[in-house]
**Q** 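Before I ask anything, let me first share the structure, which is written out below as structure tokens.
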Amino acid sequence: MPKISSLTIKDHFRETHLFQVRAITAAVIGVVLFGIIIARLFYLQVISHDHYTTLSEDNRVNILPIPPIRGLIYDRNGVLLAQNLPSFSLELVPEHIDNLQETLEHLQQLIDISPAELKRFHELRKKKRRFEGIPLRFRLNEVERARIAVNQDRLPGVEVNAELTRHYPQGEVASHIIGYVGRINEQELETLDASRYSATRHIGKVGVERSYEDQLHGEVGFQRVESNAQGRIVNADPEERTLPIPGQHLYLTIDSKVQKVAEQAFADNNGALVAIDPRNGEVIAFVSMPTYDPNLFVNGIDRKTYGELRDSPERPLFNRALQGQYPPGSTIKPLIGLAGLEENLIRPGEALKCPGYYMLKNDERRYRDWKKEGHGQTDLTKAIVESCDVYFYDLSLVLTIDRMEKYLGLFGVGSPTGIDLRGEASGLLPSREWKRRAHRLPWFPGETLITGIGQGFTLTTPLQLAEITATLASNGQRITPRVLHAIRDPLYSELELHGSRQAEKIPIKNPHNWQVVIDAMTEVVHGLRGTARGISHKMPYKMAGKTGTAQVFGIAQDEEYDEEKIAKKLRDHALFIAFAPVDEPRIAVAVIVENGGSGSSAAAPIARKVIDAYLLTGES
Amino acid sequence: MVSFARTEFSDESRLSASRKLLQRFHIDLPLLLSLMLLAGVGLIALYSAGEASSDIVIKQLVRLLIAFAIMLAIAQLSPDTIENWSPWLFGLGVIMLVAVFLWGDIGKGARRWLDLGFVSFQPSELMKLAVPMVVAWYLAEATLPPRPVRLLVAIVLILVPTILVARQPDLGTSIVLAASGIFVLFLAGLRWRTIIISFILFLPLTWVMWQYGMHDYQRKRVLTFLNPETDPLGSGYHIIQSTIAIGSGGIYGKGWLNGTQSHLDFLPERKTDFIFSVFSEEFGLIGSILLLAIYALIIARGLVISVNAQDTFGRLLAGSITLTFLVYVFVNTGMVNGLLPVVGIPLPLVSYGGTSMVTLMAGFGILMSIHTHRKLIAT
């Protein structure tokens with residue numbers, strides 16, 4: 001018995017001891033495990049604290065960009081050309097919508113949504129950023145907004161946003177110079193300053209809106225906001241706000257009254273007109289017909305409308321004044337005449353006989369004058385007034401293409417005028433070198449002849465022609481045309497005038513030569529035999545001008561063959577350049593009427609109306 | 001002079017009187033106080049995690065009161081009674097687990113609940129106590145360390161409920177069940193050699209488990225744990241946001257109710273499994289260490305109780321309950337700070353929720369019972 005008892009007691013001690021060892025082991029393991037947890041906490045909360053603080057802040061704090069208000073555009077007299085109107089748009093955030101189709105159907109029951117708008121919505125959906133609202137409808141009216149507000153709780157992810165939208169109150173007037181804004185596209189996104197445009201949805205696409213995008217846009221503002229995990233803003237401290245800087249207001253050199261007169265003067269004709277103040281290069285009117293309504297583009301034009309505009313044979317989107325390149329025709333003759341005088345190849349009053357055609361030596365070909373029976377004895381003045389071709393054929397030949405290239409180049413033919421609008425075409429100034437390069441052919445004498453009357457290879461834009469006219473008006477003082485008159489910072493009320501940029505003066509040794517040419521041009525309008533004498537009736541000021549016709553090619557070349565239209569398409573373009581008053585020129589105009597026939601009947605009356613509108617109602 | 005002596009005497013008697021009171025109601029004061037402290041801290045954390053809603057705090061307080069009452073009630077039972085109940089409780093538990101397996105209610109994609117008509121019940125909770133009880137009861141019948149046959153039977157006793165619960169599927173609870181049983185074996189003096197060999201055998205077993213024994217979501221959880229960044233918006237989101245919450249707390253924390261991760265909704269499950277992250281974000285490293293210290297206090301007291309227990313059953317059971325509690329704390333804090341996979345184990349007495357809290361407190365009731373029912377043993 002005692003033996004058993006001692007055994008159990010011994011076992012009891014052994015067991016107790018064994019348990020104590022195990023309990024201590026467990027305690028040690030426990031300490032180690034707690035140590036691991038604390039070490040991990042130390043790592044997270046002390047060593048990596050900064051890293052996790054950043055992550056936590058990134059979670060919490062969002063920088064919300066605030067869009068700046070786009071600058072307004074006025075004409076030179078303060079007539080509003082582009083403004084911002086509050087507009088309510090309906091936007092959908094697909095990330096917050098469970099069943100998009102159902103939501104769209106629901107919305108269609110509430111408000112009108114056209115198939116075109118639906119289509120545009122689905123197109124925009126493909127290229128949007130995450131959690132960005134996609135516009136479905138623009139310009140919601142009050143009733144529509146109320147309907148959506150009432151059903152708001154059943155339409156998660158559907159938002160009505162108030163934003164300022166660009167609006168062009170003058171509609172089609174001056175659209176080619178104002179241009180328009182449109183939604184920023186993917187291509188633009190890649191090149192834009194992402195932070196500056198982080199809140200902006202529209203960007204200038206063409207015209208002044210594009211060329212002065214920097215000034216008009218302004219600077220983006222920021223608001224630091226605290227958001228929760230669902231992206232909902234829970235707190236926005238006004239202390240942590242950087243206000244946006246509104247874009248600058250632009251005052252264009254355009255006189256919208258003159259502009260309207262000019263556009264109406266074209267009636268149904270296509271063409272272009274540019275009017276410049278020769279004293280400072282300010283563009284008074286800038287017309288490309290037909291025009292279009294820029295408001296169509298602001299919130300994404302639908303494909304059909306855009307297709308119609310783009311594919312129309314009238315090409316309303318094409319900026320003819322800036323990019324259209326036309327042979328200058330006879331409007332180039334004053335320049336050639338001036339070159340002849342300056343080179344002492346001709347003298348005023350020195351005449352040659354015009355038989356109605358001209359022939360080169362060893363060449364059977366007859367270079368015709370527009371007047372079959374000829375002009376008879378013709379000096380420079382008569383040649384300009386009556387636009388005699390033979391006189392200039394002869395002059396060209398002695399002048400040579402090289403010297404024509406020199407003088408035309410001095411007037412800016414073949415190079416952009418440097419106007420403050422993007423996308424200007426440069427025209428074409430032919431030369432031996434150019435012909436070799438472009439056509440791999442030598443220069444032929446016959447080409448010299450037709451270059452002398454503004455046909456052949458020479459191309460000018462209406463803007464260039466206007467600048468050439470302005471240069472003639474100011475006796476060779478070239479000036480860079482511009483459309484920006486002044487800038488006004490919306491935070492200050494003062495206008496900051498945009499200075500004019502004088503360019504080189506054309507080096508003419510004998511200033512009297514200008515007078516000879518200008519006198520001849522004055523007689524074009526006021527002389528009994530002047531080609532533009534038809535417009536001089538009851539003209540209370542003196543005008544100097546030159547008519548021209550340009551053989552059609554280029555623009556019409558790629559047109560489809562159309563039996564009905566071909567007749568008009570084949571007609572020559574009518575040109576007219578003019579400046580007035582002759583003594584103190586304040587306006588220089590170049591007009592091109594496509595397929596208008598002769599310059600005197602189609603183009604000159606338009607110039608008269610424009611110059612009347614500008615000079616007779618008084619400059620402001 | 002006399003009065004002084006009397007006072008001193010009276011103090012001593014009062015002290016011993018309160019001791020007697022505690023003894024009479026079978027309360028272990030150090031354990032009770034540290035549990036109450038923990039519960040208090042838990043309510044503070046919950047108030048913040050629950051968007052400062054007193055509603056949630058009151059609900060949790062009611063649960064705590066019930067759980068404490070249950071603890072004190074169980075403390076009144078003598079350890080002998082508990083030992084005698086062990087096999088019956090275990091048998092009942094296994095039957096109910098099988099019943100759940102066959103007819104249980106499905107909640108959140110898992111079959112865990114048994115509807116007894118008047119109350120829904122999670123049998124796996126009962127097993128958290130029944131498993132260590134039955135293993136302790138079985139091993140205490142013979143001398144320790146257990147012989148191989150006894151060991152094998154004990155292992156079967158552990159495996160049956162573990163597998164049944166794992167199939168529900170409830171990975172967290174099954175791990176807890178297995179651990180609580182294994183702790184009994186360990187404390188009973190399982191040879192180190194055996195422990196090491198079974199650990200080596202365990203490795204291929206985990207592979208088999210991985211291939212055939214786990215549900216897709218469980219596998220995904222493990223994978224996400226291994227590399228949370230692979231799925232930052234899906235399963236990895238919990239772990240990433242939780243470590244951000246803890247890490248951004250720093251040494252001193254962002255202050256009570258100022259945790260941005262939790263209050264701005266970035267932290268998921270913040271009232272339940274991830275409440276430690278809320279606490280750690282707002283109270284920092286210092287607060288977290290203090291909270292862990294309370295847990296350490298409870299565990300230390302549990303170990304002291306188990307070492308001082310008078311019989312084998314009491315020692316083994318008290319030790320196992322204490323170590324299981326340790327596992328809860330370690331697994332929960334480990335998973336929220338990214339050390340362990342997310343297995344869905346709450347932070348004891350702090351996480352919002354009642355079921356596991358009742359089991360836990362019943363376990364502490366057993367500890368108190370073991371410590372306060374002392375028999376006089378002749379030496």
Side-chain angles (χ1 to χ4, degrees), chain A residues 5 7-62 95 130 225-235, chain B residues 143-145 183 186-190 192 237 240-241 243-254 259-261 263-268 280-281 284-286 288-289 292-293 295-296 299-300 303-304 306-307 309 311-312 315-316 318-319 322-323 326-327 329-330 333-334 337-339 379:
Chain A
S5 163
L7 183 75
T8 52
I9 286 167
K10 196 187 165 201
D11 276 349
H12 175 75
F13 279 125
R14 226 191 100 196
E15 265 185 34
T16 317
H17 177 71
L18 182 69
F19 185 85
Q20 277 170 355
V21 172
R22 288 298 162 101
I24 290 166
T25 312
V28 170
I29 293 173
V31 169
V32 170
L33 292 181
F34 270 66
I36 291 172
I37 294 296
I38 289 170
R40 172 72 176 170
L41 290 175
F42 185 81
Y43 170 76
L44 291 176
Q45 300 190 300
V46 179
I47 298 173
S48 309
H49 175 58
D50 289 346
H51 171 65
Y52 286 109
T53 301
T54 310
L55 290 180
S56 158
E57 287 294 293
D58 286 353
N59 262 348
R60 178 173 78 89
V61 176
N62 282 343
E95 279 82 0
R130 244 176 89 76
V225 294
E226 197 173 330
S227 322
N228 66 11
Q230 284 79 44
R232 190 158 296 151
I233 294 164
V234 293
N235 187 22
Chain B
T143 44
L144 297 180
F183 287 143
F186 170 76
L187 292 168
L190 193 64
W192 285 108
Y237 184 79
I240 290 170
Q241 294 301 340
T243 48
I244 291 174
I246 296 170
S248 63
I251 298 175
Y252 304 104
K254 295 175 184 173
T260 55
Q261 283 288 103
H263 289 283
L264 298 175
D265 254 9
F266 291 102
L267 195 63
S280 203
E281 183 186 18
L285 182 63
I286 291 174
S288 305
I289 289 175
L292 288 172
Y295 281 112
I299 291 160
L303 287 176
V304 167
S306 61
V307 169
D311 60 6
T312 309
R315 271 196 292 273
L316 294 181
T322 307
L323 293 182
L326 169 67
V327 166
V329 178
F330 177 71
T333 53
N337 68 28
L339 279 177
T379 30

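In the text below, chain A, chain B and the rest are named by the order of the sequence lines, each starting its count at 1.
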**Q** Given that the side chain runs from C-beta out, which part of B/Ala300 has a heavy atom under 4.5 Å from chain A: side chain, backbone, both or neither?
**A** neither
**Q** Between A/Arg22 (side chain) and B/Phe183 (backbone), is there a donor-acceptor pair under 3.5 Å?
**A** no
**Q** What are the two closest heavy atoms between B/Gly247 and A/His49, and how far apart are they?
**A** O-ND1, 2.8 Å
**Q** Out of B/Thr260, B/Val327, B/Leu187, return the one with the most heavy atom pairs under 4.5 angstrom to chain A.
**A** B/Leu187
**Q** Which atoms of B/Leu323 are under 4.5 Å from chain A, going by heavy atoms: the side chain, the backbone, both sets, or neither?
**A** side chain
**Q** CD1 of B/Ile246 to OG of A/Ser48: how many Å apart, nearest 0.5 Å?
**A** 12.0 Å
**Q** Can you tell me which portion of B/Ile244 sits under 4.5 Å from chain A's heavy atoms? Options are side chain, backbone, both or neither.
**A** both
**Q** Rounded to the nearest 0.5 Å, what's the gap from CD on A/Gln20 to CG on A/Leu18? Could you check?
**A** 10.0 Å
**Q** Is chain A contacted by the side chain of B/Ser280, its backbone, both, or neither, given a heavy-atom distance below 4.5 Å?
**A** both
**Q** Return yes if some donor-acceptor pair links the side-chain N/O of A/Thr54 with the main-chain N/O of A/Asp50 below 3.5 Å, else return no.
**A** yes
**Q** Check whether B/Ile299 gets within reach of chain A through its side chain, its backbone, both or neither, counting any heavy atom under 4.5 Å.
**A** side chain
**Q** Which bit of B/Leu326 comes within less than 4.5 Å of chain A, counting heavy atoms only: side chain, backbone, both or neither?
**A** side chain
**Q** Side chain, backbone, both or neither: which part of B/Leu303 has an atom under 4.5 Å from a heavy atom of chain A?
**A** side chain
**Q** Answer yes or no: is there a donor N or O on one side and an acceptor on the other, between the side chain of B/Gln261 and the main chain of B/Gln241, under 3.5 Å?
**A** yes
**Q** Based on non-hydrogen pairs under 4.5 Å, which of B/Ser288, B/Ala245, B/Gly334, B/Gly284 is most in contact with chain A?
**A** B/Gly284
**Q** Donor-acceptor pairs under 3.5 angstrom involving side-chain atoms of residues 25-44 of chain A: please list them, not counting sequence neighbours.
**A**
from    : atom 1 : to       : atom 2 : distance (Å)
A/Thr25 : OG1    : A/Val21  : O      : 2.6
A/Arg40 : NE     : B/Asn337 : O      : 2.6
A/Arg40 : NH2    : B/Asn337 : O      : 2.7

